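The structure displayed is predicted, hence computed values, not measured ones. These values consider heavy atoms only, across backbone and side chains, with no hydrogens, waters or symmetry-generated copies. Counting starts at 1 for both ligands and their atoms, following the listed order.
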Amino acid sequence: MGAELGNYKSCVSARSTDKEILKHAQDGGIVSQLFGFALDEGIIDGAIVAANKEFAAKYPSKVMADNSNFDMIEPWRPIPAIVNTRAELIAAAGTKYNVSPNVSMIKEATRSFGLDKVGIVGTPCQMQAIRKLQLYPVGARDVGASIALAVGIFCMENFPYQSILQLVEDHAAMKMESVKKMEIGKGKFWVYGKRGQVVQLPLKVTHKYEQPGCKVCLDYVANLGDISTGSVGSPDGWSTVMVRSKIGDSVWAKAMAAGCFETQPIEKVKPGLELVSKLANEKISKNKATLEARATFGVGKALRNPYI
Ligand code: SF4
């Protein structure tokens, strides 16, 4: 296992020890627990997360959406929001499989929301945006220094909202508003209904709905997060956690000492890092091939390569 997993100081399989968080979490409740702890300890004074319509209706001052008409927001459309309490964190928990522009809120977080120490969760590309903003702060004066904890989520691909709508309503024959949870795992796209129904779609059905921009993405495990986490590698209800930066290491150690997490050595769990590594390599080599193809896309012309 090598560069495909990025640099990290430690890696474990973990889950939150908070029952309430676990009840609402996608997997092991890592993000909610970490941000909850960091809020309690004053490590951050707010976090940018992907919330939804119900959250926006309940906490209208925490979102940037036009708060006059929440009825217009579709179910399962993620809405970036600032959370300052555990209750808000829990209300925003769970993966939404379509694009949530969390980074769009970063400047506002330090301006009208007045945060000095911002937590942010996001996909690998969003971790890249944050690091780029810290090093090349074009149009984002003083924002970079306010980012106190960046938590990255493993990501194979994402979907536009319209794609998720079609997958759920046409392929899985379920209404968006009756869906309790969505999940990609074990080679399938799972849709869980509020009445207990479960539909699984093979991933070959979902491929054509992926966001085209994801096809040139070379990061699976959020290499640039302070901490990154995802379900792959760990048993159901647990998450794989990679502690990467000095900040991540210090927050993780404090959270562990405070009893926030139950952990198992990653070497002891199945399928473990081997699967994470395999999927990371698959993503990287497939997308490198796309990048190469872009170089000879036209007759005597190339499509732009953002990495060079
Ligand atoms: S695949 Fe890459 S570009 Fe697409 S959402 Fe995930 S991290 Fe971002």
Student: Ignoring hydrogens and geometry beyond distance, is a side-chain donor-acceptor pair present between T240 and S234 at under 3.5 Å?
Tutor: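 Yes - a donor-acceptor pair under 3.5 Å links their side chains.
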Student: Can you tell me which residue and heavy atom of the protein come closest to atom 2 (Fe) of ligand 1, and the distance to 0.1 Å?
Tutor: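 Nearest protein contact, heavy atoms only, for atom 2 (Fe) of ligand 1 is C217 SG, 2.3 Å.
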Student: Looking at atom 4 (Fe) of ligand 1, what's its closest protein heavy atom, distance included?
Tutor: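 For atom 4 (Fe) of ligand 1, the nearest protein heavy atom comes out as C214 SG, 2.3 Å.
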Student: Count the heavy atoms of every other residue, nucleotide or ligand shown that sit under 6.0 Å from OH of Y307, and state whether that count exceeds 12.
Tutor: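 Above 12, so yes.
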Student: Would you check if F159 and L165 make a side-chain contact, meaning some heavy-atom pair closer than 4.5 Å?
Tutor: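 The answer is no; the side chains never approach within 4.5 Å.
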Student: Just which atoms of ligand 1 are under 4.0 Å from any heavy atom in N158?
Tutor: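 It comes down to these atoms of ligand 1: 5 (S).
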Student: Looking at E157, which atoms of ligand 1 are within less than 4.0 Å of one of its heavy atoms?
Tutor: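 Counting atoms of ligand 1 from 1, those under 4.0 Å from E157 are 1 (S).
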Student: Would you call R77 and E74 a salt bridge, taking side-chain N to carboxylate O under 4.0 Å as the test?
Tutor: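 So R77 pairs with E74 through a salt bridge.
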Student: In terms of atom number and element, which parts of ligand 1 are under 4.0 angstrom from non-hydrogen atoms of K283?
Tutor: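 Per the distance check, 1 (S), 2 (Fe).
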Student: Specify whether Y192 and W190 have parallel, tilted or perpendicular ring planes, treating 30° as the upper limit for parallel and 60° as the lower limit for perpendicular.
Tutor: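 Taking W190 first and then Y192, their aromatic rings lie parallel (interplane angle under 30°).
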Student: Is K132 atom NZ crowded by more than 12 heavy atoms from other residues, nucleotides or ligands, each under 6.0 Å away?
Tutor: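 Counting other residues, nucleotides and ligands, NZ of K132 stays at 12 neighbours or fewer.
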Student: For P124, counting its heavy atoms only, list the atoms of ligand 1 lying under 4.0 Å from any of them.
Tutor: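 By the 4.0 Å cutoff, the relevant atoms are 7 (S).
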Student: Could you tell me whether atom 4 (Fe) of ligand 1 has an N, O or S atom of C125 under 2.8 Å away?
Tutor: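 No, since none of the N, O or S atoms of C125 sits under 2.8 Å from atom 4 (Fe) of ligand 1.
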Student: With heavy atoms of M156 as the reference, note each atom of ligand 1 found under 4.0 Å away.
Tutor: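 In order of number, 1 (S).
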Student: Are R244 and Y8 in a cation-pi contact, defined as NZ or CZ under 6.0 Å from the six-membered ring centre and within 45° of the axis?
Tutor: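 No, R244 and Y8 do not form such a contact.
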Student: Who's the nearest protein heavy-atom neighbour of atom 6 (Fe) of ligand 1, and how far?
Tutor: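 Here the closest protein heavy atom is C155 SG, 2.2 Å.
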